[in-house]
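Below: the structure, in structure tokens.
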Amino acid sequence: MAVAGDVAGRKLPVRETGVWAWALQRLTAILIAVFLSTHLWVLHFARPGGGPVTLEEARERLSSPWYQTLYLLLLATAIYHSLNGVRAVLLDLGIGVRSQRLMTGILVAMGAIAFVYGAVALVPYITGQPLFR
């Protein structure tokens, strides 16, 4: 059995979820850098005329399925990256196995709620209509 480390004299086995979480943390960091760079380029450098971004420009941009996908991917990667970072810190504190599962479940639920909230917040910009009347 492969050993991940030694905590309080116990050998901890390597778990597949830990390897995937580690790899996805690095991948999401790269994706966030790419998405944010694209976002900043479009908003600040590729705009003709300069000046502040207007609501109408934001609506026009968000009417494109490409930008909608880009912003939803940015939202998903940022949520995963941040909550997986919180999970890693809590695991470093030595939480027990049962608590790890509960904590991971709570963080997944928080991530899902945050994603839905963020996606719903984009609706008025995409449609040009208020979400609630």
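- Judged by distance alone, the side chain of Thr104 and the main-chain N or O of Arg101 form no donor-acceptor pair under 3.5 Å.
- Within 6.0 Å of atom CD in Glu60, 12 or fewer heavy atoms from other residues, nucleotides or ligands are found, so the atom counts as exposed in its surroundings.
- Judged as a ring pair (Phe, Tyr, Trp, His ring centres under 6.0 Å), and not counting sequence neighbours, the contacts of Tyr71 are His39.
- Not one N or O on the side chain of Gln100 forms a donor-acceptor pair closer than 3.5 Å with the backbone of Leu91.
- Both Met110 and Ile95 belong to a single network of hydrophobic side chains, linked directly or stepwise wherever heavy atoms of I, L, V, M, F, W or Y lie under 4.5 Å apart.
- The shortest distance between side-chain heavy atoms of Ile106 and Leu102 falls below 4.5 Å.
- Atom OH of Tyr80 is separated from atom CG of Leu107 by 11.0 Å, given to the nearest 0.5 angstrom.
- Both Val42 and Leu70 sit in one connected hydrophobic cluster of ILVMFWY residues. Membership requires side-chain heavy atoms under 4.5 Å apart, directly or through other members.
- Between Ala119 and Leu72, the shortest heavy-atom contact is CB-CD2, 3.8 Å.
- Put simply, Leu36 and Ile79 are part of the same group of oily side chains (I, L, V, M, F, W, Y) that touch within less than 4.5 Å, one to the next.
- Following chains of ILVMFWY side-chain contacts shorter than 4.5 Å, one cannot reach Trp66 starting from Leu40, and the two form parts of different hydrophobic clusters.
- The structure places CG of Asp92 at 10.5 Å from CZ of Arg87, a figure rounded to the nearest 0.5 Å.
- With sequence neighbours left out, the side chain to side chain donor-acceptor pair (under 3.5 Å) criterion links Thr77 to no other residue.
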Could you pull out every donor-acceptor pair under 3.5 Å between side chains of residues 27-35 and any protein atom, sequence neighbours left out?
unit_1: Thr28; atom_1: OG1; unit_2: Leu24; atom_2: O; d: 2.9
unit_1: Thr28; atom_1: OG1; unit_2: Gln25; atom_2: O; d: 3.0
unit_1: Thr28; atom_1: OG1; unit_2: His81; atom_2: ND1; d: 2.9

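- Using a 4.5 Å cut-off between side-chain heavy atoms of Ile, Leu, Val, Met, Phe, Trp and Tyr, with links allowed through other members, Val116 and Val123 fall into the same hydrophobic cluster.
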